[in-house]
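This report refers to the structure that appears directly beneath it.
Just so it is clear, the model here is predicted, and its values are computed rather than measured.
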Amino acid sequence: MAGTKILVLGGTGPAGICVIRELIYRKHELIVYARTPSKIPSDLASNPLLEIIQGTLTSLAPLTDAVSKSSSIISLLGPNIKDTSPSTLPPTLYSDFYTLLFGLMRTHSIRRILAMGTISIKAADDKFSLLRSMVVLLMPLFFNAPYQSVLKIGEVFGELGSGSGSGSGTKGGGGIDWTVFRIAGIPGGDDEESWKKDRDEGEKGDFVGWVGEKGWVMSQRRGALARWLVDAIEGGADEWIGKMPAVAAGTVDLS
């Protein structure tokens, strides 16, 4: 039986901290599963809405505990661009973790997960983009280990399928309602002032669609991304279940 909290993975990086701020701002109870909880700012770590569980990508017991208390998952896990060694960043490090996580989600009846990818992952509906083509050309030359790791993340979600599932009403594949949100650059600070300024900018709207489409740009500020992610986990992106949309800054004022 699913729990009631939102589980955040990768919550100690700048984007993850912005997600924590957004969830607490909206009064959500949440769990952050982290290898190094000390990276969470003290003003957030002390909030009663937040539970912190320490563990690694291979720590089954604490991960099971975190998943069992959760109703949905936001994951910002991904490789560090600076980690270029296959010995410290095996290509399947994150995809193996997700395979483990999917099993725990099924065991505890958790369906919804939003997981971070990058525009290195190609989707069938993407359009041609010179900028993205340059990224895909250069990444394996200079940052092959993180590039291959990201591709494996795309593959492990793609293998779930987009909707066959195993039960009536299933939207996502394999009994999991997944969305991989693909990003490029995500500038912006994670302190409270920077997060609030950027989330307020997010009121202008976001681009959610395919790389190369009209309106797609190469960046989204962290606070605005966090706002979109919490909107999505609240049900605002169900049309993207089983898909891998690019998420970027909106270019049209929708207010």
Side-chain angles (χ1 to χ4, degrees), residues 6 8-30 32 39-45 47 49-50 72-78 80-81 112-121 123 126-127 129-132 134-135 150 179-241 243-255:
I6 297 173
V8 179
L9 305 172
T12 58
I17 290 170
C18 287
V19 170
I20 296 172
R21 292 192 185 281
E22 185 70 29
L23 287 166
I24 289 175
Y25 175 75
R26 301 198 201 185
K27 308 300 182 184
H28 284 289
E29 290 187 311
L30 68 148
V32 173
K39 292 182 179 180
I40 301 172
S42 58
D43 65 308
L44 299 176
N47 193 290
L49 291 171
L50 173 60
S72 56
I73 301 172
I74 299 175
S75 175
L76 295 111
L77 290 173
N80 189 321
I81 194 69
R112 192 67 171 114
I113 180 171
L114 301 167
M116 185 177 71
T118 75
I119 60 169
S120 292
I121 301 170
D126 287 345
K127 312 302 181 186
S129 164
L130 180 60
L131 287 173
R132 203 273 285 279
M134 293 174 62
V135 169
V150 167
T179 300
V180 173
F181 60 97
R182 294 178 297 151
I183 58 170
I186 47 171
D190 59 16
D191 59 281
E192 184 173 8
E193 182 179 357
S194 298
W195 157 76
K196 190 174 188 307
K197 178 182 178 181
D198 290 344
R199 81 169 301 278
D200 290 347
E201 283 293 309
E203 292 182 355
K204 296 179 180 179
D206 307 279
F207 173 91
V208 186
W210 306 113
V211 170
E213 282 188 324
K214 183 178 179 180
W216 176 73
V217 295
M218 286 279 287
S219 68
Q220 170 68 303
R221 299 193 70 82
R222 291 186 176 111
L225 176 64
R227 181 188 180 120
W228 181 83
L229 285 170
V230 178
D231 284 346
I233 210 68
E234 290 177 344
D238 284 359
E239 69 271 25
W240 295 105
I241 288 174
K243 300 177 182 178
M244 301 187 187
V247 178
T251 57
V252 178
D253 191 340
L254 301 178
S255 61

Taken in chain and number order and not counting sequence neighbours, the residues that satisfy side-chain hydrogen bond (donor to acceptor under 3.5 Å, both in side chains) with Lys196 are Asp200

Just verifying a value: how many Å separate Ile113 CD1 and Ser75 OG, rounded to the nearest 0.5 Å? 5.5 Å

Applying side chain to side chain contact (heavy atoms under 4.5 Å, CB included), name anything that partners Lys127, two or more places apart in sequence or on another chain. Glu213

For Glu201, enumerate each residue passing the salt bridge (charged side-chain N to carboxylate O under 4.0 Å, His left out) test, keeping only those at least two apart in sequence or located in another chain. Lys204

In Å and rounded to the nearest 0.5 Å, what is the CG to CD distance from Asp198 to Glu193? 10.5 Å

With sequence neighbours excluded, what pairs up with Trp195 under the ring pair (Phe, Tyr, Trp, His ring centres under 6.0 Å) test? Tyr25

Thr179 side chain vs Trp240 backbone, donor-acceptor pair below 3.5 Å: yes

If the condition is side-chain hydrogen bond (donor to acceptor under 3.5 Å, both in side chains), which residues does Asp191 pass it with, not counting sequence neighbours? Ser194

Kindly compute the distance separating CD1 (Ile24) from CG (Leu44), expressed to the nearest 0.5 Å. 5.0 Å

Salt bridge check: are Asp190 and Lys39 linked by an N-O gap of less than 4.0 Å? no

Verify, without hydrogens or angle tests, whether Arg222 (side chain) and Gly188 (backbone) share a donor-acceptor contact under 3.5 angstrom. yes

Do the side chains of Pro41 and Ile17 get nearer than 4.5 Å, heavy atoms only? yes

d(Ser219 OG, Leu225 CG) to nearest 0.5 Å is 11.0 Å

CD1 (Ile73) and CZ (Arg112) are apart, to the nearest 0.5 Å, by 11.0 Å

Can you name the residues that form a side chain to side chain contact (heavy atoms under 4.5 Å, CB included) with Thr118, not counting sequence neighbours? Ser120, Val150

Those residues at least two apart in sequence (or on a different chain) that pass side-chain hydrogen bond (donor to acceptor under 3.5 Å, both in side chains) with Arg227 are none

Considering residues at least two apart in sequence or located in another chain, which fulfil the side chain to side chain contact (heavy atoms under 4.5 Å, CB included) criterion with Met116? Leu76, Phe181, Ile183

What salt bridge (charged side-chain N to carboxylate O under 4.0 Å, His left out) pairs are there with at least one residue in residues 17-28, not counting sequence neighbours? Arg21-Asp43, Glu22-Arg26, Glu22-Arg199, Arg26-Asp231, Arg26-Glu234

Using modelled atom types only, decide if a donor and an acceptor are shared between the side chain of Asp206 and the backbone of Val208 within a distance under 3.5 Å. no

Any chance you could measure Leu23, atom CG, to Leu30, atom CG, to the nearest 0.5 Å? 5.5 Å

Sorted by chain and number, sequence neighbours left out, side chain to side chain contact (heavy atoms under 4.5 Å, CB included) with Ser129 holds for Leu131, Arg132, Val211, Trp216

